[in-house]
Undergrad: 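For reference, the structure I am asking about is given below.
Remember, predicted model here, so these are calculated numbers, not experimental data. Note that ligands are numbered from 1 as they come in the structure, with each ligand's atoms numbered from 1 the same way. Position 1 is the first residue of the sequence; numbering continues from there.
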Amino acid sequence: MTNECFIFTFSYSTNHISPTKKDKLIKLLLDVDTGIDDALALFYLAHAQQKGQIEILGSSTVGGNVEVGQTTQNTLKIWEMLELDIPVASGAEKPLMVPLNTAPFVHGDDGLGNTFLPAPEKKPSEESATEMILRLSRKYSGELTLLTTAPLTNIAVALLQDPGLAKRIRKVVIMGGAVFTGNVSAVAEANIANDPEAARIVFRSGMEMTLVGLDVTHEVYWEEEDLRALVKIANERSGFLLQIIDFISSAYESLSGWKRCVLHDPLAAGVCLFPDLVKTEKRYVDVELTGELTRGMTVVDRRGRTPLGEENMLVALEVDAERFKTQLMESLLAWARVG
Ligand code: BDR
Ligand code: CA
């Protein structure tokens with residue numbers, strides 16, 4: 001398969017939506033480490049924007065699945081493939097206190113399943129991730145939904161610079177953590193484990209938060225039979241999507257013995273639009289920083305009384321997996337069919 005050209009015959013922009021309707025759209029800011037499942041989340045959100053459900057105002061990037069230079073390139077490239085002119089602001093190269101731990105085995109050396117796409121035409125924004133987050137939070141005070149699908153370094157840095165950010169954000173949906181399980185360790189999830197100090201700053205900030213962790217994201221996955229409609233399209237676009245899905249599915253197979261594409265970041269994107277995709281509990285959650293076996297664990301206090309502290313976020317514990325899988329597949333099919 002060549003990756004030379006992706007031809008577009010319709011646009012995913014919001015230009016066709018009337019100004020009054022536009023005012024009522026969910027205004028979204030993303031912080032990503034694109035990454036295969038981050039990329040799938042961008043496809044989903046682009047489709048939601050095209051349907052007039054959201055307005056994507058900006059995206060910031062951070063080092064995570066791969067180095068920040070690559071997550072920035074990947075984010076620009078995916079927006080370009082979707083013909084969307086969304087600013088991409090580059091952020092933290094590494095976590096606050098420790099070196100960066102990338103995951104090329106899971107996402108590929110290029111973060112996109114070793115598809116090695118040609119470089120995007122657009123450049124990143126002049127402003128940094130932190131500058132973008134703070135600027136948009138002031139411009140749209142009380143209106144912004146922030147979706148994070150990456151280590152929380154950029155958000156923590158923004159909060160350290162301006163703690164008032166917490167009150168200007170309408171809510172944050174965080175792909176991260178878990179109540180009962182882990183992936184990079186027995187009890188820790190990658191996005192939180194990659195920068196636990198940043199996660200603690202965010203968790204203690206007073207923001208409205210929803211935690212979409214592994215307890216629910218592990219329930220939402222594609223296996224081979226879920227991909228038939230995409231396979232049938234058999235063009236360059238479906239080929240690209242199937243290539244990245246196969247890469248991450250094979251990585252999961254090597255790690256767990258089960259070939260499947262787990263839809264972590266797309267589900268968090270889905271929860272921004274449809275909070276009722278998940279059942280939640282309001283709980284006190286903090287991050288373990290020092291445990292020899294437990295660093296990066298999200299500690300969720302589920303006792304009736306919470307002596308550890310006030311409930312600070314909604315934690316997702318159940319998910320309507322079929323409803324979300326259908327929505328996500330529809331968004332991929334809509335894009336692939338045009339190719
Ligand atoms: C999370 O870690 C990253 O590898 C994925 O992109 C996702 O955000 C899952 O633990
Ligand atoms: Ca991610």
Side-chain angles (χ1 to χ4, degrees), residues 29-45 59-68 70-75 77-78 88 91-92 95 100-114 129 146-155 172-196 198-199 202 210-222 244-245 247-252 254-256 260-272 287 295-298 315-316 319 324 328:
L29 171 61
L30 322 174
D31 190 69
V32 293
D33 62 339
T34 314
I36 292 174
D37 61 331
D38 304 72
L40 295 175
L42 301 188
F43 279 94
Y44 174 83
L45 292 170
S59 45
S60 52
T61 58
V62 64
N65 291 322
V66 281
E67 304 275 339
V68 70
Q70 189 69 47
T71 65
T72 305
Q73 291 294 102
N74 292 351
T75 309
K77 190 68 197 177
I78 299 290
V88 178
L100 176 65
N101 231 332
T102 57
F105 179 74
V106 179
H107 294 270
D109 291 336
D110 63 348
L112 288 174
N114 291 340
L146 174 60
L147 167 66
T148 70
T149 64
L152 290 163
T153 322
N154 289 337
I155 319 303
V172 192
V173 177
I174 299 168
M175 191 287 123
V179 183
F180 296 113
T181 185
N183 57 6
V184 289
S185 80
V187 293
E189 180 280 330
N191 288 339
I192 304 299
N194 270 336
D195 197 344
V202 175
T210 302
L211 195 69
V212 179
L214 299 176
D215 310 283
V216 284
T217 63
H218 276 166
E219 299 297 316
V220 187
Y221 52 84
W222 284 326
I244 63 172
I245 291 168
F247 189 96
I248 201 164
S249 305
S250 301
Y252 268 85
S254 310
L255 293 168
S256 71
R260 66 197 165 126
C261 174
V262 180
L263 303 165
H264 303 286
D265 295 343
L267 179 63
V271 171
C272 291
V287 185
R295 180 169 154 83
M297 174 187 187
T298 44
V315 180
V319 56
F324 179 68
L328 180 60

Undergrad: Looking at ligand 1, would Gly35 count as a contact under a 4.0 Å heavy-atom criterion?
TA: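 Distance cut 4.0 Å: Gly35 fails for ligand 1.
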Undergrad: State whether the side chain of Asn194 and the backbone N or O of Pro151 hold a donor-acceptor pair below 3.5 Å, judged by distance alone.
TA: no
Undergrad: Just by distance, do the side chain of Asn74 and the backbone of Thr34 share a donor-acceptor pair under 3.5 Å?
TA: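 Yes: the side chain of Asn74 pairs with the backbone of Thr34.
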Undergrad: Among Leu30, Leu45, Val212, Leu147, exactly one meets side-chain contact (heavy atoms from CB on, under 4.5 Å) together with Cys272. Which residue is that?
TA: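 Among Leu30, Leu45, Val212, Leu147, the one meeting side-chain contact (heavy atoms from CB on, under 4.5 Å) with Cys272 is Leu147.
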Undergrad: Taking all non-hydrogen atoms of both residues into account, name the closest pair between Ala268 and Met175 and its distance.
TA: CB-CB, 3.7 Å
Undergrad: Pull out every atom of ligand 1 sitting under 4.0 Å from any heavy atom of Met175, numbered as shown with elements.
TA: 1 (C), 7 (C), 8 (O), 9 (C)
Undergrad: For Ala190, take its heavy atoms, then give the atoms of ligand 1 lying under 4.0 Å from any of them.
TA: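 Once the distances to Ala190 are compared, the set is 2 (O), 10 (O).
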Undergrad: Report yes or no: does Ser185 contribute a side-chain atom to a donor-acceptor pair with the main-chain N or O of Val187 at less than 3.5 Å?
TA: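 Answer holds: yes.
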Undergrad: Can you pull out the closest protein heavy atom to atom 4 (O) of ligand 1? Residue, atom name and distance to 0.1 Å, please.
TA: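 Checking every protein heavy atom, the shortest distance to atom 4 (O) of ligand 1 gives Asn65 OD1, 2.6 Å.
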Undergrad: Closest non-hydrogen protein atom to atom 2 (O) of ligand 1, residue and atom name please, with distance?
TA: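 Ranked first by proximity to atom 2 (O) of ligand 1 is Asn191 OD1, 3.5 Å.
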Undergrad: Output the atom name for the N/O/S atom of Asp265 with the smallest distance to the Ca ion (ligand 2).
TA: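 That would be atom OD2.
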Undergrad: Would you mind listing which atoms of ligand 1 come within a distance below 4.0 Å of any non-hydrogen atom of Thr149?
TA: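 By the 4.0 Å cutoff, the relevant atoms are 8 (O).
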Undergrad: Measure from the Ca ion (ligand 2) to each N, O or S atom of Thr149 and report whether any distance is below 3.0 Å.
TA: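 Yes, since at least one N, O or S atom of Thr149 sits under 3.0 Å from the Ca ion (ligand 2).
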Undergrad: With no hydrogens and no angle check, is any side-chain donor or acceptor of Asn154 less than 3.5 Å from a backbone partner on Thr61?
TA: yes
Undergrad: If the contact criterion is a heavy-atom separation under 4.0 Å, does Asn183 count as touching ligand 1?
TA: yes
Undergrad: Of all heavy-atom pairs between Thr71 and Asp33, which one has the smallest distance, and what is that distance?
TA: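 What the structure gives for the nearest pair is CG2-C, 3.5 Å.
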Undergrad: In the protein, what heavy atom is nearest to atom 5 (C) of ligand 1, and what distance, to one decimal place, separates them?
TA: Asp37 OD1, 3.2 Å
Undergrad: Can you tell me the N, O or S atom of Asp33 that's nearest the Ca ion (ligand 2)?
TA: OD1
Undergrad: Which atoms of ligand 1 are found less than 4.0 Å from any heavy atom of Glu189?
TA: 1 (C), 2 (O), 9 (C), 10 (O)
Undergrad: Based purely on interatomic distance, does Asp38 place a nitrogen or oxygen under 3.5 Å from a nitrogen or oxygen of ligand 1?
TA: yes
Undergrad: Without swapping roles, check the side chain of Asp37 against the backbone of Asp265 for a donor-acceptor pair under 3.5 Å.
TA: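 Side chain of Asp37 to backbone of Asp265: a pair is present.
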Undergrad: Could you pull out the closest heavy-atom pair between Arg260 and Tyr252, with the gap in Å?
TA: O-CB, 3.5 Å
Undergrad: Among all protein heavy atoms in this structure, tell me which lies nearest to atom 8 (O) of ligand 1, with the distance rounded to 0.1 Å.
TA: Asp265 OD1, 2.6 Å
